[in-house]
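To keep things clear, I will list the structure first and then write my remarks on it.
What you are looking at is a predicted structure, and each value in this text was computed from that prediction instead of being measured. Whatever order the structure lists ligands and atoms in, that order sets their numbers, starting from 1. Every heavy atom of this structure was used, including side-chain atoms; hydrogens, water molecules and symmetry mates were not.
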Amino acid sequence: MTGGAGYIGSHTVYALLDRGDRVVVLDNLSTGVRAQVGTGAAFFQGDVADSALVNKIITDQQVDTVIHFAGSIVVPESVADPLAYYDNNVVKTRTLIQTVVEAGIKNFIFSSTATVYAEDAPQPLHEEAPRAPISPYARSKLMTEWMLEDVSRAHGLRYAILRYFNVAGADPQGRTGQSNPNATHLIKRAAMVALGRLPQLDIFGTDYPTPDGTGVRDYIHVTDLAAAHLLALDALRGGAGSTTYNVGYGRGLSVRQVVDAVEKVTGKPLPARVGPRRAGDPPTLISDPGRIKAALGWKPGHDGIDEIISSAIAWEKRFNR
Ligand code: UD1
């Protein structure tokens, strides 16, 4: 697994260890935290584009599947520095895929994004909805999807591409969570404001074509997302063909609805300030999760927004004492 010290990766490591799987993590610790990699997983610090290292790990550890989480994820950062995003997310992933193919790996699971879809695509978004990403981040993810499709046709590598909607919350057992103090995620930042670690929440734009004018997203608990990876892994190991899946709940919440939910969970008003739109943000992203439910039997288990928010706040308290 690449990026196993990161937010989603570390939850997936625990989910795999909890059911007794063997896990090998490669992470350069640029944003990941070593202490959040579950004990029991083998850990290597290094770069996904270091072919010699990756090849050695695959051979020594007898890896049969690569789950590729490592990558840069901040939309506005990608708008400001697109070349860094194309390097980290596309160029390095190309090298990783080459190493993986040459090593004879059969299965590849890739973290893609709901932001690959066209802004005017019908909501909820089906996997076959038109793609027209607007940020360099989202384009870098779609480019990698294309690489995987081409490589799968040419070399027989089988993939599961998971298009994540808005991932939030933390491990219900409190073992890991979102630890990047510079994280830009709405629920992470709202949790920081709720604990007094940030003076107020900025609401980015109130003039979107949405019911209350603020951005609408399909917030999904990271534990349910980790479970989706295990199902995709089992399907590939069982011989399933290459498939792309949305991972979201199929319900949209606006920024204002999230603020209201945080206030309900904490019982206190959440200081918020209305500001302009943020570059690269689409108005609405809601998933049609029909395919992953039907094909993999994925069932959300933590989809209450209150549970998502309270787990995020609990982690924030624990992590940043
Ligand atoms: C997130 C992910 C992205 C993923 C996408 C899928 C990160 C950093 N971004 O992007 O990788 O592809 O979901 O849907 O993980 N907002 C505010 N104030 C804030 C922060 C956010 O108003 O302080 C608003 C945004 O304008 C947006 C919504 O809240 O409408 C969600 O923003 P955010 O949590 O940053 O996620 P996305 O940009 O959707």
Side-chain angles (χ1 to χ4, degrees), residues 3 6-9 11 31 69-79 85 88-89 110-117 119 121 123-125 131 133-142 144-145 161-169 177-194 197-220 222 225 246-262 270-287 289 305 308-309 312:
Y7 173 46
I8 301 165
H11 286 83
T31 55
F69 288 109
S72 304
I73 60 157
V74 183
V75 172
E77 199 176 79
S78 80
V79 176
Y85 271 67
N88 206 28
N89 289 359
F110 175 61
S111 308
S112 188
T113 166
T115 52
V116 296
Y117 295 112
E119 214 173 292
Q123 308 271 347
L125 294 153
R131 267 80 81 197
I134 58 172
S135 72
Y137 159 73
R139 289 167 186 259
S140 76
K141 289 290 184 180
L142 187 57
T144 305
E145 290 195 10
I161 292 171
L162 304 186
R163 292 191 185 134
Y164 307 164
F165 283 68
N166 283 61
V167 190
Q178 168 58 262
S179 302
N180 183 349
N182 303 318
T184 52
H185 308 67
L186 176 64
I187 291 179
K188 163 83 177 176
R189 295 189 73 81
M192 291 170 81
V193 175
R197 292 184 180 141
L198 283 176
Q200 80 244 314
L201 184 76
D202 286 312
I203 298 178
F204 297 140
T206 50
D207 58 349
Y208 281 107
T210 58
D212 66 17
T214 64
V216 169
R217 296 290 184 275
D218 188 346
Y219 295 93
I220 170 184
V222 62
L225 178 61
N246 284 336
V247 199
Y249 294 141
R251 65 119 159 75
L253 293 173
S254 71
V255 176
R256 287 204 192 279
Q257 285 175 311
V258 170
V259 169
D260 290 348
V262 173
L270 190 80
R273 173 176 73 180
V274 168
R277 292 183 181 195
R278 188 174 65 176
D281 277 355
T284 302
L285 290 170
I286 303 172
S287 153
I305 190 65
I308 294 176
I309 290 168

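Ionic pairing of Arg163 and Glu145 is present here: one or more N-O contacts between side-chain nitrogen and carboxylate oxygen are shorter than 4.0 angstrom.
The shortest heavy-atom contact between Pro282 and Thr115 is CG-CG2, 4.5 Å.
Here Ala194 pairs with Val262, Thr266, Leu270, Ile313 under the side-chain contact (heavy atoms from CB on, under 4.5 Å) rule; sequence neighbours left out.
With no hydrogens or angles considered, a side-chain donor-acceptor pair links Tyr85 and Glu77 at under 3.5 Å.
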Show the distances, to 0.1 Å, for all pairs joining an N/O atom of ligand 1 and a protein N/O atom that are shorter than 3.5 Å, listing one pair per line.
residue, atom, partner, partner atom, Å
ligand 1, 11 (O), Ile73, O, 3.3
ligand 1, 11 (O), Tyr137, OH, 2.9
ligand 1, 12 (O), Thr113, OG1, 2.3
ligand 1, 12 (O), Tyr137, OH, 3.1
ligand 1, 13 (O), Asn166, OD1, 3.4
ligand 1, 13 (O), Asn166, ND2, 3.2
ligand 1, 14 (O), Asn166, OD1, 2.6
ligand 1, 15 (O), His185, NE2, 2.7
ligand 1, 18 (N), Asp202, O, 2.6
ligand 1, 22 (O), Asp202, O, 3.4
ligand 1, 22 (O), Phe204, N, 2.9
ligand 1, 26 (O), Asp281, OD2, 2.7
ligand 1, 32 (O), Arg278, NH2, 3.4
ligand 1, 34 (O), Leu186, N, 2.7
ligand 1, 35 (O), Thr184, O, 3.3
ligand 1, 35 (O), Arg278, NH1, 3.4
ligand 1, 35 (O), Arg278, NH2, 2.8
ligand 1, 36 (O), Asn166, ND2, 3.0
ligand 1, 38 (O), Arg278, NH2, 2.8
ligand 1, 39 (O), Asn166, ND2, 2.9
ligand 1, 39 (O), Arg217, NE, 2.8

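Ring planes of His185 and Tyr7: perpendicular class, angle over 60° (limits at 30 and 60°).
Looking only at distances, a side-chain donor or acceptor of Asn246 sits under 3.5 Å from a matching main-chain atom of Leu125.
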